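One structure below.
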Amino acid sequence: MISETTNHRCQRCGSLNLRKNGHSTSGKPKYHCKDCNKYGTISNVAQQRAERYEQVEKLLLERTSLRGIQRVTGVSRPTIIKLAKKK
């Protein structure tokens, strides 16, 4: 049997020493870091945002229109312009 394991890291200290600590009201699992005593849920919003911004940068290199990039990625046009000026 194949099993997949995921190692979550603490958002504050980066430790792998986490314990499950119930569920939030929205149903997401809560964790407790044994090293820094941080309680909370693990969110991967920053990682998803970074992936989306990377996709926007690739589409900008392909000279896709701003509205087209907005439709494909869901990122607002002012944010796309900000990312274009950064590069």
Side-chain angles (χ1 to χ4, degrees):
M1 179 162 85
I2 299 173
S3 64
E4 183 178 320
T5 60
T6 56
N7 292 329
H8 298 292
R9 291 188 175 271
C10 176
Q11 293 174 348
R12 183 185 295 163
C13 68
S15 170
L16 291 172
N17 192 10
L18 297 176
R19 304 292 251 166
K20 282 192 78 161
N21 191 33
H23 289 81
S24 67
T25 56
S26 62
K28 294 181 181 178
K30 293 193 314 186
Y31 292 92
H32 172 230
C33 177
K34 293 291 191 171
D35 293 336
C36 68
N37 281 333
K38 181 183 186 309
Y39 289 90
T41 59
I42 294 179
S43 66
N44 55 358
V45 173
Q47 180 183 8
Q48 291 174 348
R49 182 178 297 136
E51 290 171 357
R52 213 176 321 145
Y53 285 0
E54 184 179 323
Q55 184 182 13
V56 166
E57 290 172 359
K58 288 179 181 177
L59 290 170
L60 284 169
L61 289 174
E62 293 291 328
R63 301 192 44 89
T64 308
S65 69
L66 295 179
R67 287 179 189 260
I69 295 173
Q70 181 183 8
R71 280 191 300 269
V72 170
T73 61
V75 177
S76 68
R77 277 188 288 151
T79 304
I80 295 170
I81 293 169
K82 180 182 76 173
L83 290 171
K85 286 181 180 179
K86 224 182 225 186
K87 290 291 176 178

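Since the structure is predicted, the reported quantities are computational estimates derived from the model, not experimental observations.
When every heavy atom of K30 is checked against every heavy atom of S24, the shortest pair comes out as CG-N, 3.8 Å. The two residues D35 and C13 have their closest heavy-atom pair at CB-SG, 4.4 Å. Nearest heavy-atom pair across R12 and C36 is NH1-O, 3.4 Å.
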Could you walk me through whether T79 and V56 pass the side-chain contact (heavy atoms from CB on, under 4.5 Å) test, one step at a time? CA-CA 10 Å; T79 304; V56 166; over 6 Å; no
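With respect to E62 and K58, no salt bridge is recorded, no charged nitrogen being found less than 4.0 Å from a carboxylate O.
Within the 4.5 Å cutoff, side-chain heavy atoms of L16 are placed close to those of R9. You'll find the side chain of H32 reaches within 4.5 Å of the side chain of N37, heavy atoms only.
Here E57 contributes atom CD and L59 contributes atom CG; the two are 10.5 Å apart, rounded to the nearest 0.5 Å. Here the straight-line distance linking atom OG of S65 with atom CZ of R71 works out to 6.0 Å at 0.5 Å rounding. Atom-to-atom distance recorded for Q11:CD and L18:CG is 9.5 Å, nearest 0.5 angstrom. Atom CG of L66 is separated from atom CD1 of I80 by 6.0 Å, given to the nearest 0.5 angstrom. Taken from CD1 in I42 to SG in C33, the straight-line distance is 9.5 Å, to the nearest 0.5 Å. How far NZ of K28 is from NE2 of H23: 12.0 Å, rounded to the nearest 0.5 Å.
The aromatic rings of Y31 and H8 sit tilted relative to each other, their planes meeting at an angle between 30° and 60°.
Following chains of ILVMFWY side-chain contacts shorter than 4.5 Å, one can reach V75 starting from V72, so the two form part of one hydrophobic cluster.
Judged by distance alone, the side chain of T64 and the main-chain N or O of I69 form no donor-acceptor pair under 3.5 Å.
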